2 protein chains.
Amino acid sequence: MKRVLVTGGSGWIGRHVAAQLLEKGFDVHATYRNTVIPHPPQVCHWHRVDLLDEAEVTSLIRQVQPTHLIHLAWEAVPPQCYHSITNYHWVHASMALIRRFVEHGGTDIVVAGSCAEYEWENGYLDEQRTPLSVQTPYALCKNTLHTWLQSYAEHVGLRVCWARIFHLYGPHESGKRFISSMITSLLKKEEVLCTHGRQSRDFLYIEDVASALVCLVMSKLDGAVNVGSGRPVPLRLIASIIQAQMGSRELIHWGAIPLPADEPLFVGASIERLQKEAYWKPGYTLQAGLTETIAWWRQHVKD
Amino acid sequence: MKRVLVTGGSGWIGRHVAAQLLEKGFDVHATYRNTVIPHPPQVCHWHRVDLLDEAEVTSLIRQVQPTHLIHLAWEAVPPQCYHSITNYHWVHASMALIRRFVEHGGTDIVVAGSCAEYEWENGYLDEQRTPLSVQTPYALCKNTLHTWLQSYAEHVGLRVCWARIFHLYGPHESGKRFISSMITSLLKKEEVLCTHGRQSRDFLYIEDVASALVCLVMSKLDGAVNVGSGRPVPLRLIASIIQAQMGSRELIHWGAIPLPADEPLFVGASIERLQKEAYWKPGYTLQAGLTETIAWWRQHVKD
């Protein structure tokens, strides 16, 4: 049985990844730091570890000896994550983790990156063609780690898949991103101030993000692979689906806040690799994912 | 008094750097690993540390609390250093060291890189203009660390000077590079097989390399700074100076081994920054440096 270690296992993506890996028959070990584990899916081995502490990491890897690693842990809640000092710390902590993993026999790694590693431009962002960004500490640090890791992997014969996750949504979101903030505002009957809303973005339901990562860890792919729907939609279309299920059209004020001048109008994920090389398919349409998300928020928003 | 930590303090460059810093009035702490310290210059504080062990590094920095850091330690003996796995380890170990240094109040860093970080081309290699290489693990890892460090330094308000050291020579060299191997072969009356020898390279005497690094740590400069003579000379000219002092012309066979096709004929260091911004001047001419080196080898080569 393959033994997989999921860092950030109690996080938004991590809990779904751990659950799906268990269903696939992996021996799943997952790390968490501060939180009490919210709902241990089934028989997952939980490890409370500060991954920024090299001694704790060394002892974890020695104990678990995973063959596979899904490295999700990082400071990852926007917008503060883009400029946080901890980005710099996560670079060397991740290198140390990966080195220990390799030294104890690990062979396959999936690392979570994101679309924020690219220089954004109008169109479909592509793993090979789109230039990478060094504009924010987040982008610079993720790209620095990726450069080091790709070369290290070749040197030691490690398989590395670097997943660039685009926009995601679903239950348990922190509530400040577009979809969650719209749903929660409508539930609370609060006004929603929006940009013009004509910009298209690529959204994927959280469980589909997790299934893509699980698909990648089970594949033989290496290199960067975008994780997205491949079907960017205008924010206004997303809002109209939410409104159709929730009503309250009059609370949404389009054009109330400006879209930053440097934000392109159309950003999509080129997902050829994910579809044609990893054979991944999503389980949810946008409509179905939004239905799940609205249902979850109805249970969790206090009036 | 400024407290400076020199990593690799017992190394070829490090011992000269430590000695010169003491002369300038620094409180000097230096690390070494395996070797017994060969000749502690004066009252330098020696610390035996494995810099690849984060716990040892943390304890070192907590104890010394240096304001200045000259980071020389790395796997640095060509040619094996260019492809060694330890390059990858030195990246995260250096990041951890620098992070601890900053957390304990450190403000100024000089890191030793080299001309092997550049894509070699015919001409003077320039800090701003010459493209950087990712061809060897050494180049990729040094450039990865540099990218991370430059951004981290801006973020935390650290001054970083990245010294790209060109070719160097002098006493205590490992004996396999051009100048040392020529001198030792002539001393032993052995045949010397050479390339055609018309390629020009930029050589600097070891004490001048050290004085440049000391100059940089005392300056207010930041960014990459080449450390070289700025006066590349053909290898045949170097050989003729050595021969004039040692005789044995008939032992040298030019054209006996091929120069790799991708090696440019003329590689020099553009040293405008070092001269005009750091006001550094060399103490040795090529002639004088070679005289010192020959004299040292006469003492140390067993017939």
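Everything quoted here is computed from the prediction, not taken from an experiment. Values below: every heavy atom of this structure, side chains too, minus hydrogens, waters and symmetry copies.
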Chemist: Does B/R159 pair with B/D108 as a salt bridge, N-O distance under 4.0 Å?
Modeler: yes

Chemist: Among residues 123-150 of chain B, which residues come closer than 4.5 Å to chain A, judged by heavy atom distances?
Modeler: B/P137, B/L140, B/C141, B/T144, B/T147, B/W148

Chemist: Yes or no on side-chain hydrogen bond (donor to acceptor under 3.5 Å, both in side chains) for B/S114 and B/R164, after CA distance, side-chain angles and deciding distance?
Modeler: CA-CA 4 Å; B/S114 80; B/R164 297 213 179 101; over 6 Å; no

Chemist: Does CD belonging to A/E272 count more than 12 external heavy atoms closer than 6.0 Å?
Modeler: no

Chemist: Given heavy-atom pairs under 4.5 angstrom as the criterion, report whether the side chain, backbone, both or neither of A/A55 touches chain B.
Modeler: neither

Chemist: Hey, which residues of residues 83-90 of chain B are touching chain A, say heavy atoms under 4.5 Å apart?
Modeler: B/H83, B/S84, B/I85, B/Y88, B/H89

Chemist: Checking B/E263 against B/R201 for the salt bridge (Lys or Arg N to Asp or Glu O under 4.0 Å) test, could you report, in this order, the C-alpha distance in whole Å, the side-chain angles of both residues, the deciding distance, and whether it holds?
Modeler: CA-CA 11 Å; B/E263 285 230 356; B/R201 297 291 181 263; 2.9 Å; yes

Chemist: Please answer whether the main-chain N or O of B/T67 pairs with a side-chain N or O of B/T107 as donor and acceptor at a distance below 3.5 Å.
Modeler: yes

Chemist: Any donor-acceptor pair under 3.5 Å linking the side chain of B/R48 with the backbone of B/R33?
Modeler: yes

Chemist: Without swapping roles, check the side chain of A/R3 against the backbone of A/V64 for a donor-acceptor pair under 3.5 Å.
Modeler: yes

Chemist: Okay, side chain of B/S219, backbone of B/A278: is any donor-acceptor separation there less than 3.5 Å?
Modeler: no

Chemist: Are the side chain of A/H104 and the backbone of A/R100 linked by a donor-acceptor contact shorter than 3.5 Å?
Modeler: yes

Chemist: Going from CG on B/D222 to CD on B/E277, what distance comes out if it is rounded to the nearest 0.5 angstrom?
Modeler: 9.5 Å

